[in-house]
Amino acid sequence: MGRSHSSGVLKRKKLYISYNDSIETIAFSPSCTSNDVRELLIAVCCAPHNSSLKLVDHQGHLVPISPTLECNTPEKPYELLVTTARRDSIMEIKKLVANMGQIFERVVECNGNHEDLIKKIEYLESQLQVEGFQAIELEKCKNDLMKLKCKISDELSLTRVQLHVTTPNSAKRDVPLYPKYVLSGETIAYLKQPTFDMWNWEPNEMLALLEHMYTDLNLTTEFKINVMVLKKWLKAVQKNYRNNPFHNFRHCFCVAQMMYGMVHSCNLQNKLSRKDLGILLTACICHDLDHPGFNNTYQINARTELAVRYNDISPLENHHCAVCFEILADPETNIFANVDKEEFKEIRQGIIDLILATDMARHGEIVQHFKSVAKNFKWDDPTHIKQLQAIMIKCCDISNEVRPFNVAEPWLECLLEEYFTQSDREKCEGLPVASFMDRNKVTKPTAQIGFIKYVLIPLYETLCELFPEIEGTMLQPLKDAYVYYESKKLEDDLAKDDHNRNKTCQALLDEKHELERKLAGAEKTISNLAVVVTNSDNSSTKIQ
């Protein structure tokens with residue numbers, strides 16, 4: 001629940017908006033609608049109502065225009081980007097087309113009937129009536145028409161006019177995409193292995209590998225995905241992962257790659273439907289979208305906007321789902337645009353269920369549910385399939401220790417860096433700090449031993465009940481990692497004992513030296529007293 005207000009009235013939200021190098025302020029009630037917020041932004045930029053608006057935060061991330069926008073400061077305003085329909089350019093193009101019509105009439109008079117040509121131009125005229133072209137699209141279309149006019153002028157004397165028209169569909173603005181890569185047979189085979197080393201691959205290469213997964217599993221055919229839409233969707237997903245030490249785009253790829261490898265290791269491409277495979281892979285890719293680098297515990301204890309919005313119930317996972325479907329809401333990045341409404345509802349619900357399953361607060365519940373069906377698993381039971389999908393995405397989300405040590409250890413360092421950043425902030429804000437996140441208490445072995453023993457090994461043992469074929473490639477590496485960290489902890493403890501023993505010995509030596517110094521001082525004092533006594537005795541003898 002959010003903070004209460006004594007007045008019983010919702011506090012108005014205040015946002016700072018950067019537009020044309022100036023900072024504007026808007027204020028609205030949290031109970032207003034997204035259209036209300038959009039109207040305020042329209043007022044800020046004085047743009048027509050059919051303008052296209054985009055908001056970008058101070059980190060360059062595209063954010064949705066809604067009353068749930070996080071409050072900001074004048075130093076970190078949201079940047080407002082506006083694209084308006086250029087009516088003057090449209091009118092100019094209309095006049096140009098009208099002039100072209102007169103030229104065509106003269107061409108027809110000189111060269112006979114050109115009905116095909118007229119039909120093409122009429123089609124062009126009708127297409128140019130469409131409002132909402134962006135500026136770059138209008139300029140491209142105008143240039144195409146000018147070239148067309150010059151071509152007609154040059155060919156007026158010919159008996160046949162050949163016209164090649166570029167329709168407005170070709171005026172789509174260019175979208176920066178990743179290069180096309182040709183994957184070798186070795187790479188394709190390696191991509192299916194749990195030993196895959198993702199540290200050797202650049203972001204654009206990882207995008208190409210993700211695209212290959214969709215193609216290899218026939219998901220592009222199943223969902224009728226246009227290749228360019230798939231590329232744009234993957235690029236949009238990459239853009240919506242923050243540059244966190246751990247929860248970043250490389251982690252997204254890591255989870256998706258492990259799922260892809262598990263599908264092949266367990267022959268799931270012949271056991272699950274293409275729809276279920278698509279839900280699995282898509283949920284893996286989107287499961288940590290826009291992760292802020294601070295976990296649910298922090299969100300709830302700090303009463304962040306996400307925690308308030310989602311009533312402290314899996315705030316991060318709910319946010320990941322929301323960002324996932326905001327991306328899919330854009331026609332240019334909707335890979336499920338060609339499936340029917342009922343099927344999309346099933347896909348949407350499946351993805352939501354799997355992303356919510358990655359909340360570690362639900363770990364025990366999900367494992368127990370799967371255990372109850374694992375021994376008598378039915379591949380034709382939708383409930384069993386959903387429980388299998390949930391346990392699989394959990395395995396893949398925390399699968400780093402399945403990989404070779406040289407691949408897994410850097411992930412541990414990244415995770416601890418993110419943990420330490422959170423615990424430092426919690427200390428500054430007076431919030432509870434988990435011991436496994438405290439830089440003054442945790443080490444690599446202590447961070448991993450309990451997690452591997454009580455979480456990872458039981459989780460993978462449960463999955464191995466259904467898929468014994470992965471015991472050697474996935475479960476055994478976890479047991480090896482546990483032995484490694486136990487031996488590492490023993491070494492650290494012995495080194496610590498040696499250090500403590502040396503420290504104790506040094507303290508005793510220091511104490512001995514101090515006593516020797518005091519003894520030497522006492523002996524010197526006694527010697528001096530003896531001299532004084534002797535002198536006193538001599539003086540007494542002389543007096544007598």
Side-chain angles (χ1 to χ4, degrees), residues 2-91 131-139 173 175-176 235-236 239-243 289-294 299 302-310 315 318-319 322-323 325-327 329-333 425 429:
R3 295 182 177 88
S4 61
H5 301 277
S6 58
S7 63
V9 179
L10 290 175
K11 185 177 179 181
R12 290 172 66 80
K13 184 175 289 188
K14 187 177 182 180
L15 301 180
Y16 296 92
I17 308 297
S18 172
Y19 179 68
N20 281 349
D21 298 327
S22 65
I23 304 297
E24 304 288 343
T25 305
I26 63 173
F28 54 87
S29 167
S31 62
C32 71
T33 66
S34 297
N35 285 335
D36 295 333
V37 179
R38 190 177 187 280
E39 288 297 322
L40 289 174
L41 296 175
I42 288 289
V44 167
C45 60
C46 299
H49 283 276
N50 63 345
S51 301
S52 173
L53 303 184
K54 293 182 181 179
L55 273 185
V56 179
D57 64 15
H58 68 282
Q59 294 181 328
H61 298 117
L62 194 65
V63 296
I65 297 175
S66 73
T68 59
L69 283 165
E70 294 184 7
C71 294
N72 59 355
T73 63
E75 292 76 23
K76 296 180 179 180
Y78 290 111
E79 182 181 359
L80 178 60
L81 305 177
V82 183
T83 305
T84 60
R86 293 180 51 186
R87 296 182 179 275
D88 54 341
S89 297
I90 293 175
M91 292 302 298
E131 298 267 347
F133 279 123
Q134 295 191 10
I136 186 170
E137 295 171 331
L138 285 169
E139 291 301 321
R173 64 183 181 277
V175 177
K235 197 70 177 178
K239 185 178 179 181
N240 278 276
Y241 271 94
R242 302 193 192 185
N243 192 27
L289 277 169
D290 197 40
H291 195 298
F294 299 90
Q299 305 296 325
R303 298 183 182 178
T304 64
E305 184 177 349
L306 287 178
V308 173
R309 181 185 304 164
Y310 297 110
N318 275 293
H319 179 59
V323 177
F325 286 98
E326 284 172 7
I327 295 173
D330 185 344
E332 291 194 352
T333 53
R425 176 180 286 191
E429 296 178 358

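Hydrogens, waters and symmetry mates play no part in the numbers below; they use all other heavy atoms, side chains included.
Across every non-hydrogen atom of Glu24 and Ser22, the tightest pair is OE2-OG, 3.6 Å. Val82 approaches Tyr19 most closely through the heavy-atom pair CG2-CE1, 3.6 Å. In this structure, Val37 and Pro67 approach most closely via the heavy-atom pair CG2-N, 3.9 Å. Nearest heavy atom pair, residue Tyr310 against residue Pro315, reads CD1-O, 3.6 Å. The minimum heavy-atom distance linking Leu15 with Glu70 is given by the pair CD2-O, 3.4 Å. Nearest heavy-atom pair, Ala27 versus Leu40, reported as atom, atom and distance to 0.1 Å: O-CD1, 3.8 Å.
One finds the CG atom of Leu41 at 5.5 Å from the CD1 atom of Ile65 (value rounded to the nearest 0.5 Å). Taken from NZ in Lys235 to CD in Glu332, the straight-line distance is 15.0 Å, to the nearest 0.5 Å. Distance CG/Asn318 to CG/Leu306: 9.5 Å, rounded to 0.5 Å. Between the NZ atom of Lys76 and the CG atom of Asn72 there is a distance of 10.0 Å, given to the nearest 0.5 Å. With rounding to the nearest 0.5 Å, the separation of CD1 in Ile26 from CD in Glu39 is 11.5 Å. Once rounded to the nearest 0.5 Å, the distance linking CG of Leu55 with CG of Leu80 reads 6.0 Å.
Residues Pro292 and Thr304 are not in side-chain contact: their nearest non-hydrogen atoms beyond the backbone lie 4.5 Å or more apart. A 4.5 Å side-chain heavy-atom check between Asp36 and Phe28 finds every atom pair outside the cut-off. Between His58 and Glu75 there is no side-chain heavy-atom pair separated by less than 4.5 Å. The shortest side-chain heavy-atom distance between Tyr78 and Val56 does not fall under the 4.5 Å cut-off.
Side-chain atoms of Lys13 come within 3.5 Å of backbone atoms of Leu69 as a donor-acceptor pair (strictly under, hydrogens ignored). At distances below 3.5 Å, at least one donor-acceptor pair connects side-chain atoms of Thr333 with backbone N or O atoms of Ile327.
With sequence neighbours excluded, the residues satisfying salt bridge (Lys or Arg N to Asp or Glu O under 4.0 Å) with Arg242 are Asp290.
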